[in-house]
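All of these numbers come straight from a predicted model, not from anything done at the bench.
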Amino acid sequence: MSKVVIENAYIAPVVGPEIASGYLVIANGRIESLGAGPAPIVPDAQRIDGTGCLVTPGLVNTHHHLYQWASQGLFQDSTLFEWLTGLYRLWAGMDADVVYGAASAGLGWLALTGCTTSSDHHYVFPKGRGDLFDAEVRAAHELGLRFHPCRGSMDRGQSDGGLPPDEVVEDRDEILLNTAETIDKYHDPSFDSMLRVAVAPCSPFSVSEGLMTDAALLARTKNVRLHTHLAETLDEEEHCREQMGCTPVEYMEKLGWLGEDVWFAHAVHLHDADIRRFAETGTGSAHCPSSNARLGAGIARVSELLRAGAPVGLGVDGAASSELTSMAGEMRQAMLFQRAVHGPTALTARQALEIGTLGGARNLGRQQELGSLEVGKLADIAMWRVDGFRAAVEDPVCALVFGPTPPLARLLVGGRTIVENDELRTVAHDAVGRAGAAARLRLMRGQA
């Protein structure tokens, strides 16, 4: 791979001091050097002028449901449980074409808003609808984003006291077999991996205790990570207390689901003891502020988790509960929500940038490769335009986090340009948006 030099940019590496006028040299997909300008002469390198730009690590999205791009805007005034029960049967009609179109649009939108690595939690697998997991893997490969899909599952339908209707749950043995096969087929543990897989039963109210336990054993046998929803709403707390006799986090600990290889989505309603246990065990959480607000779920105790030393990353969540949400926008939401509750020092712009980058990398177990601009790390880089109107904000990091998302001058994954001047370069820009709209029409018309 040819070398790339980014020069004349404000560099916010997340780890280490910021550089007001600096450079980065990229070789073989990794950061070879960085420092204060002028940039060195590198023969045959592509040179990118970063004048007027803020350079940050690419953003890392640690919770999503890409298929939900096809069901945005529905049940606008519902609680989580109302929203889920209203949508389960619609989602039961999806097929691989719906998933591919939705994933293409959802991942394209993430790239256009500064995201270089995204997880996805797919947990609805209707029978006879094609290979849904492969459909989203294919979409990520075409766009050129790093992808961390989670093989989700539900085996506890309404007849067993769960929330989802019986027709959208799977047999436990089939889930475990398919999950193991999925890991074997797709998971790449290498340093510069573009594709890793996690094991992700959906939630305590849709998954049996046996599946939760077996899934943890499978993940640890295969040396992959664990993910699920947890403590998103007070309804979930009541459900766990009634049916399991304990809080959601106590239930997870009982099942062996706390540890450095685990990250939970949402974690809104945590008790003080839960925060201590997350910190003590290295258990991560994916904060999804816009989705939590849209569903009226509450505000996660992010600043307290960070003070305790627990890993925290960001997630946009599924587009059906977080319409057109961007990762950069979630940095702003996270900062403002914490300040609204705890005051103006609760979360700084740089802390918000860190949870959107290095915090997300920690959730995915990739902090050695991603999340900061350091020599030897992968060259996953976002270049934001902070000139023009934004030049009135002297601090470029403030301009990124406090205000609306700046234009994206360039997005690189492993040194390869994915976005340039707010346009996708690896796929046809307009076609991706049309694919998302077509997926919605197919799902809504029952053609899947």
Side-chain angles (χ1 to χ4, degrees), residues 4-26 31 33-40 47-60 112-116 287 289-290 302-303 306-307 312 314 325-360 371-375 377 379-412 419-422:
V4 178
V5 178
I6 299 171
E7 55 190 337
N8 308 318
Y10 189 101
I11 298 176
V14 174
V15 172
E18 295 174 7
I19 306 168
S21 180
Y23 71 88
L24 281 158
V25 177
I26 300 165
I31 298 171
S33 64
L34 74 163
R47 300 187 81 89
I48 299 173
D49 185 7
T51 300
C53 291
L54 165 67
V55 173
T56 71
L59 305 181
V60 180
L112 289 166
T113 57
C115 179
T116 51
H287 179 39
S290 292
V302 169
S303 57
L306 292 173
R307 281 199 302 272
V312 179
L314 289 179
T325 296
S326 73
M327 274 296 295
E330 289 300 78
M331 292 192 295
R332 183 173 189 253
Q333 292 286 72
M335 181 186 70
L336 295 181
F337 282 13
Q338 293 306 300
R339 290 176 175 221
V341 175
H342 302 294
T345 62
L347 198 70
T348 69
R350 283 161 177 81
Q351 284 178 304
L353 175 60
E354 182 172 350
I355 63 175
T357 53
L358 190 57
S372 61
L373 303 179
E374 300 179 76
V375 172
K377 282 199 167 186
D380 292 7
I381 296 166
M383 296 179 61
W384 312 91
R385 295 222 67 91
V386 290
D387 52 4
F389 285 102
R390 289 173 177 80
V393 182
E394 186 176 7
D395 176 1
V397 177
C398 174
L400 170 63
V401 178
F402 273 71
T405 302
L408 193 62
R410 183 93 55 155
L411 188 77
L412 300 103
V419 175
E420 185 176 2
N421 296 326
D422 280 332

*Over all heavy atoms of both residues, which pair between R390 and P404 is shortest? Give the atoms and the distance, please.*
NH2-O, 3.7 Å
*Indicate the atoms forming the closest heavy-atom contact of P406 with A399, along with that distance.*
CG-O, 4.2 Å
*Counterpart residues, side chain to side chain contact (heavy atoms under 4.5 Å, CB included), relative to L408 (two or more places apart)*: A382, W384, L411, V419, D422
*For the atom pair CG (L353) and CG (L54), what is the distance rounded to the nearest 0.5 Å?*
7.5 Å
*Those residues that, when tested against R385, pass side chain to side chain donor-acceptor pair (under 3.5 Å) (two or more places apart)*: D387
*asked:* For the CD atom of Q338 and the OG atom of S303, what is their distance to the nearest 0.5 Å?
replied: 4.0 Å
*asked:* Nearest 0.5 angstrom please: L24 CG to I31 CD1, how far?
replied: 5.5 Å
*asked:* Can you list everything that forms a side chain to side chain contact (heavy atoms under 4.5 Å, CB included) with P40? Sequence neighbours excluded, please.
replied: Y23, V25, V42
*Please report the shortest heavy-atom distance between A12 and L373, naming the atom on each side.*
O-CD1, 4.1 Å
*What residues, two or more places apart in sequence or in another chain, satisfy side chain to side chain donor-acceptor pair (under 3.5 Å) together with E330?*
S290
*Assess whether side-chain contact (heavy atoms from CB on, under 4.5 Å) is satisfied between L306 and E354, documenting all intermediate values.*
CA-CA 11 Å; L306 292 173; E354 182 172 350; over 6 Å; no
*Option passing side chain to side chain contact (heavy atoms under 4.5 Å, CB included) with I381 (candidates I26, T56, I48, T116)*: I26
*CE/M327 to CG/L112 distance, rounded to the nearest 0.5 angstrom?*
14.5 Å
*Would you please name every residue forming a salt bridge (Lys or Arg N to Asp or Glu O under 4.0 Å) with R410, sequence neighbours left out?*
E420
*asked:* With a 4.5 Å cut-off on side-chain heavy atoms, are L400 and M331 touching?
replied: yes
*Excluding sequence neighbours, so at least two apart, what forms side chain to side chain contact (heavy atoms under 4.5 Å, CB included) with V341?*
I299
*Provide the closest heavy-atom pair for A328 versus T405 in the form atom of the first, atom of the second, distance.*
CB-OG1, 3.5 Å
*Can you check whether R332 reaches S326 side chain to side chain, under 4.5 Å on heavy atoms?*
no
*Just jot down the side chain to side chain contact (heavy atoms under 4.5 Å, CB included) partners of A334, sequence neighbours excluded, or say none.*
H287, P289, L314, L347, I355
*T357 and G58: which non-hydrogen atoms are nearest, and at how many Å?*
CG2-O, 3.8 Å
*Can you name the nearest heavy-atom pair linking V401 to M335, along with the distance?*
CG1-SD, 3.9 Å
*With sequence neighbours excluded, what pairs up with T113 under the side chain to side chain donor-acceptor pair (under 3.5 Å) test?*
none
*Set of side chain to side chain donor-acceptor pair (under 3.5 Å) partners for D395, sequence neighbours left out*: R350
